[in-house]
2 protein chains.
Amino acid sequence: MKNTKNDRRSQRTRQLLTTALLELMLEKNYESITVQDIIDRANVGRSTFYAHYLDKEDLLTSQFEEVGRHLGEAAYQDEYTLFPTLKVFQHTQENHHLYKALVWGKGIEVIFKAFEAHLNAHLEAELKQKLGERSSPIPLPIVTHYITGAFLTLLKWWLDNNMPVTPEKMDAYFRQLVTPSIQSTLNIEF
Amino acid sequence: MKNTKNDRRSQRTRQLLTTALLELMLEKNYESITVQDIIDRANVGRSTFYAHYLDKEDLLTSQFEEVGRHLGEAAYQDEYTLFPTLKVFQHTQENHHLYKALVWGKGIEVIFKAFEAHLNAHLEAELKQKLGERSSPIPLPIVTHYITGAFLTLLKWWLDNNMPVTPEKMDAYFRQLVTPSIQSTLNIEF
DNA sequence: TCGATAATGAACACATTGTTCGATTTGTAG
DNA sequence: CTACAAATCGAACAATGTGTTCATTATCGA
């Protein structure tokens with residue numbers, strides 16, 4: 001099996017590079033990190049870097065995809081929920097080292113954008129189904145963007161302030177704020 | 001008066017550079033715009049650029065401050081409001097060429113960050129006053145971030161989708177969504 | 001017209017990028 | 001253990017962009 005050999009070595013190299021980038025992102029802002037910084041930190045040859053990634057952006061992006069996958073899995077793995085906010089708060093706390101590094105840099109914007117799109121699509125489908133025949137007094141995209149926007153903003157705030165309350169409390173606060181709106185405008189259980 | 005002469009010429013140069021950057025931001029993404037692009041478009045000498053701004057970032061930032069000032073002025077100029085959402089929607093529509101250029105690039109993140117901070121501070125003070133002796137069942141920063149997060153997300157969505165409804169409608173939708181939450185948790189008129 | 005100020009643009013040193021290629025290391029199959 | 005193929009290394013390279021310097025030119029007000 002030839003692949004085993006390739007894969008293991010390559011994977012280790014990628015891990016080194018990824019770790020180096022995350023470390024550096026905790027120390028200075030993303031823009032000012034050079035490829036040289038990364039490969040020095042990772043002890044990886046210059047050409048090796050370019051054998052794995054197109055450029056710095058590519059390395060970051062691949063990391064995003066990893067993170068996005070994690071978030072998605074964490075969000076919808078167990079039971080069914082209309083909007084798995086508690087899961088996300090919990091998962092974020094468990095991996096807060098990773099997310100903190102990304103909050104500092106520009107990373108979080110890209111992750112959140114992708115995550116937001118995913119949540120919006122999911123939420124709109126759910127709401128449509130729950131509404132059934134009835135129509136919404138407010139265009140559904142506006143409702144979903146309202147919800148996800150508020151949610152992600154709170155998530156960011158929570159991270160920025162070093163998670164001053166438990167995930168469970170955050171979830172409760174969020175639901176307490178959003179439920180009346182959904183109830184009164186859509187007449188739907190949130 | 002010596003300054004008049006300096007100022008007028010310099011100001012015109014700055015205007016040219018600013019306009020050039022905004023134009024370019026409509027054509028390609030901010031990262032890939034070079035100083036050379038900007039000064040070519042503006043017909044301004046290289047050294048002149050660096051006489052006015054430290055670097056590309058500086059030019060962008062100074063533009064932000066201008067925009068931030070506009071937004072702030074527009075928001076609170078006339079009457080008193082707890083949260084001048086209609087004003088912001090209207091002003092954004094009037095200047096949507098400018099904001100569109102910034103939405104494309106990274107600009108909007110910086111503007112919104114500053115704007116959000118401003119709104120949060122203002123809103124928290126207002127809510128505190130309205131509450132009086134009573135205490136909030138939810139920490140006020142969470143409430144304010146919830147509101148501004150939802151608001152700015154909707155504003156961004158509205159811009160991204162080329163303002164499919166009037167500012168008045170957007171404002172009404174937003175208030176319809178946020179009012180029940182504020183009423184039920186804070187027992188305050190929004 | 002004169003003088004001060006601003007703008008010009010060529011030339012420069014410097015940093016970073018992304019590529020190439022021969023030498024070297026590493027892991028595994030036989 | 002050996003041999004081989006794949007992965008890594010790193011020096012050297014061209015290309016691009018940055019920010020500075022400075023002698024020259026244009027502009028505007030007095």
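Scope of the values below: all heavy atoms of this structure, side chains included, with no hydrogens, waters or symmetry mates. Per chain, numbering begins at 1; letters A, B, ... match sequence-line order.
- At least one donor-acceptor pair closer than 3.5 Å links the side chain of Asp55(A) to the backbone N or O of Asp58(A).
- Residue-to-nucleotide contacts include a donor-acceptor pair under 3.5 Å from the side chain of Ser47(A) to the base of dG10(D).
- Counting only distance, with no hydrogens or angles, the side chain of Lys56(A) and the backbone of Ile33(A) share a donor-acceptor pair below 3.5 Å.
- For the pair Asn43(B) CG and dT8(C) P, the interatomic distance rounds to 8 Å; values are reported in whole Å.
- We find that CD of Gln36(B) is positioned 8 Å from P of dT18(D), with the value rounded to whole Å.
- If you find the closest nucleotide of DNA chain C to Ser32(A) and to Ala51(B), the one lying nearer the 5' end belongs to Ala51(B).
- For Thr13(B), no side-chain nitrogen or oxygen approaches OP1 or OP2 of dA6(C) to under 4.0 Å.
- Phosphate contact (OP1/OP2 of dT16(D), side-chain N/O of Thr34(B), threshold under 4.0 Å): absent.
- Rounded to an integer number of Å, the gap from Asp40(B) CG to dT8(C) P is 12 Å.
- Minimum atom distance to the side chain of Arg9(A) is reached by dA7(D), of the listed dT17(C), dA7(C), dA7(D).
- Taking side-chain N and O atoms only, His52(B) has no distance below 4.0 Å to OP1 or OP2 of dA6(C).
- Rounded to whole Å, the distance from CG on Leu16(B) to C1' on dT27(D) is 15 Å.
- For the pair Asp58(A) CG and dG18(C) C1', the interatomic distance rounds to 13 Å; values are reported in whole Å.
- Taking the six-membered ring where the residue is Trp, Tyr146(B) and Tyr146(A) present perpendicular rings, their angle passing 60° and hence far from 30°.
- Look at CG on Asp37(B): it is 13 Å from P on dT16(D), rounded to the nearest Å.
- The shortest distance between the side-chain N/O atoms of Tyr50(A) and the OP1/OP2 oxygens of dT19(C) is not below 4.0 Å.
- Between Tyr173(B) and Phe89(B), the gap from one ring centroid to the other reaches at least 6.0 Å.
- A cation-pi arrangement is absent between Lys156(A) and Phe151(A) under the rule of less than 6.0 angstrom and at most 45 degrees off the ring axis.
- If you take CZ of Arg46(A) and C1' of dG18(C), they are 7 Å apart, rounded to a whole angstrom.
- Distances shown here put every side-chain N or O of Arg8(A) at or beyond 4.0 Å from the OP1 or OP2 atom of dA7(D).
- The distance from atom CD of Glu31(A) to atom P of dT16(C) is 14 Å, rounded to the nearest whole Å.
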